[in-house]
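Here, residue 1 is the first one in the sequence, and each next residue gets the next number.
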Amino acid sequence: MDAQICIHLNIGVHMNKLILITILSFATSVAMAQDNSATTTQTGDNNAATTDQTGNQNTSSIDQNSTVGLSHEAIIQQLGTLNEASITQTGENNQGAIVQGRTVAVFDRPDGIANGNIATLVQSGSNNSGFFGNGGDGAIIFQGYRNGSSINATASVTQSGDFGQVLLIQGSDGSLDGSEATVNQGGLNNVAVVRQGEFSGSSSTNDVAQIEQSSTGENNFAAILQGRNGQNSSNTEGFIFQGGDSDQATVSQGGDNQYSRILQGANGGSSSGNTASVRQPDGFAGNYAFIDQGTNFSGSGASASVNTATALQTGLDNRIIVQQGTTLDGRASAKSTSDGSFITATQNGDNNYAYLDQGGNNNTMNFNQIGNANYTNLIQEDGGFATITQNGDNNSIKGFESGFYGEFGLSLGGSTLNVTQLGNGNLLMLDQTNGGTATVMQDGMTNTATIIQN
């Protein structure tokens with residue numbers, strides 16, 4: 001028998017919690033069968049609501065709405081599959097949690113299942129934080145727990161204000177396949193963390209995580225962790241988009257055929273004081289890391305000052321692309337105002353590819369490739385400094401093979417390049433202008449170095 005529960009409260013601050021507990025005790029007792037529907041609506045301040053459902057194809061929603069909207073608390077707990085939960089909170093200092101695949105009553109149950117579940121959490125206003133983390137997370141979604149699974153689950157969180165915190169976990173140490181996680185934050189000083197298959201023994205396959213933080217915000221932090229610690233993970237995608245300054249972003253992925261992209265910069269490509277890091281240290285083959293700090297998609301000059309980009313890959317046939325202060329066509333822009341940015345990248349394995357592009361003044365690049373048959377494209381501008389080390393056989397450093405700069409790497413405006421190639425059959429092709437400086441050391445047999453300076 002289907003059960004439907006509708007709770008509408010419009011009561012004062014002092015009495016609402018007592019009345020709510022009485023009503024919800026009845027709601028919990030009858031919401032144990034399958035195909036249940038529970039709706040809670042509250043107006044006023046300092047409200048609290050909890051809904052527990054066990055079984056499949058259940059639906060639950062909590063709406064806490066008021067003119068001022070201070071200090072709401074909402075929890076939905078569902079144990080089963082094909083369940084749907086939503087929380088909407090208006091105002092400040094709110095805390096909301098959706099837990100699918102675990103309830104308080106069965107905290108240690110080893111088979112938290114959240115297959116096909118949908119979770120949506122929306123918070124307006126600022127200072128939505130409180131449960132976990134540094135000062136707490138105002139929005140929490142758990143899907144799948146312990147040795148359970150989170151297959152084809154969907155989770156989304158939206159926060160529109162400042163000082164919000166989000167923690168979204170799918171398949172903490174169980175199986176995870178085909179799930180999606182999305183976080184959208186507007187404002188300043190926000191924190192968002194998405195974890196998919198994070199612990200030893202879990203797996204993450206065909207999963208997607210995306211964090212977007214406002215183009216008008218700054219001092220935001222975003223982290224995506226997919227298939228950490230060398231789990232059996234593949235074909236996951238992690239995207240972070242940050243539009244402000246002084247933002248931090250990190251993506252960590254373990255496995256094969258992983259794709260990550262960090263895009264920092266808005267308002268015509270401006271990006272200042274941002275930090276981006278991609279780690280793919282436990283992979284075997286086919287991983288892709290893309291960091292873009294200050295690209296102007298209109299084709300004119302970009303501004304990318306004092307940014308830092310770090311990338312690490314282990315395995316075969318991996319790709320790293322880092323752009324700082326460039327234009328849409330991939331060329332370092334002579335009109336750009338970028339300066340003082342840093343790139344540190346490492347690839348350990350064979351047949352890897354790196355494209356490193358810095359436009360602007362006084363930028364620094366440190367790049368290390370260990371292995372055979374690796375390939376590097378390099379573009380610098382206006383007094384940049386690059387150190388590149390390749391350790392292995394048949395490695396090469398070039399620019400575009402076809403395109404704006406012919407067959408040669410390009411170093412403009414008095415840039416400095418230090419190259420060390422250890423091994424046999426390595427190739428260097430470099431074109432420098434305006435007083436560039438090159439120091440090349442090749443150790444091995446049948447190596448080739450071509451340097452053009454004008």
Engineer: With L121 as reference, evaluate I87, T158, I140 under the side-chain contact (heavy atoms from CB on, under 4.5 Å) test and give the passing residue.
Structural biologist: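 Looking at I87, T158, I140, the match for L121 under the side-chain contact (heavy atoms from CB on, under 4.5 Å) is I87.
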
Engineer: Which residue, N206, D207, N287, T205, forms the side-chain contact (heavy atoms from CB on, under 4.5 Å) with S234?
Structural biologist: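 Looking at N206, D207, N287, T205, the match for S234 under the side-chain contact (heavy atoms from CB on, under 4.5 Å) is T205.
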
Engineer: To the nearest 0.5 Å, how far apart are OG1 in T236 and CG in D177?
Structural biologist: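 Between T236 OG1 and D177 CG, I get 11.5 Å after rounding to 0.5 Å.
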
Engineer: Would you call Y353 and N377 a side-chain contact if the rule is heavy atoms closer than 4.5 Å?
Structural biologist: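 They are in side-chain contact.
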
Engineer: Once you measure the plane-to-plane angle for F239 and F241, does it fall in the parallel (<30°), tilted (30-60°) or perpendicular (>60°) bin?
Structural biologist: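 Answer is parallel, since the angle falls under 30°.
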
Engineer: Among Q159, H72, Q95, which residue meets the side-chain hydrogen bond (donor to acceptor under 3.5 Å, both in side chains) test with Q123?
Structural biologist: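 Looking at Q159, H72, Q95, the match for Q123 under the side-chain hydrogen bond (donor to acceptor under 3.5 Å, both in side chains) is Q159.
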
Engineer: So do the side chains of Q143 and S179 get within less than 4.5 Å of each other, counting heavy atoms only?
Structural biologist: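 No - every pair of side-chain heavy atoms lies 4.5 Å or more apart.
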
Engineer: Rounded to the nearest 0.5 Å, what's the gap from CG on N115 to OG1 on T81? Could you check?
Structural biologist: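 Output value for this atom pair is 6.5 Å.
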
Engineer: Measure the shortest side-chain to side-chain distance between L225 and V193 over non-hydrogen atoms and say whether it is less than 4.5 angstrom.
Structural biologist: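 SC-SC contact between L225 and V193 confirmed.
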
Engineer: Is there side-chain contact between N372 and N394, with at least one heavy-atom pair below 4.5 Å?
Structural biologist: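 No, side chains not in contact.
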
Engineer: If you round to the nearest 0.5 Å, how far is CZ of F367 from CD1 of I397?
Structural biologist: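 Spacing of CD1 (I397) from CZ (F367) equals 8.5 Å.
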
Engineer: Ignoring hydrogens and geometry beyond distance, is a side-chain donor-acceptor pair present between Q369 and T376 at under 3.5 Å?
Structural biologist: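 Yes.
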
Engineer: Would you compute the distance between atom CD1 of I262 and atom CD1 of I224 and round it to the nearest 0.5 angstrom?
Structural biologist: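 Here the interatomic distance stands at 8.0 Å.
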
Engineer: With heavy-atom distances below 4.5 Å as the criterion, would you say the side chains of V322 and M365 are in contact?
Structural biologist: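 Side chain of V322 against side chain of M365, heavy atoms only: no contact under 4.5 Å found.
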
Engineer: Q293 and side-chain hydrogen bond (donor to acceptor under 3.5 Å, both in side chains): which single residue from Q264, Q358, Q323 fits?
Structural biologist: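 The side-chain hydrogen bond (donor to acceptor under 3.5 Å, both in side chains) with Q293 is passed solely by Q264 among Q264, Q358, Q323.
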
Engineer: With a 4.5 Å limit on heavy-atom distance, are the side chains of F290 and L263 in contact?
Structural biologist: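 A side-chain contact is absent here, since even the closest heavy-atom pair is not under 4.5 Å.
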
Engineer: Can you tell if the side chain of N65 reaches within under 4.5 Å of the side chain of T88, non-hydrogen atoms only?
Structural biologist: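 No. Closest side-chain heavy atoms not under 4.5 Å.
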
Engineer: Do the non-hydrogen side-chain atoms of Q253 and Y259 ever get within less than 4.5 Å of each other?
Structural biologist: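 No - every pair of side-chain heavy atoms lies 4.5 Å or more apart.
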
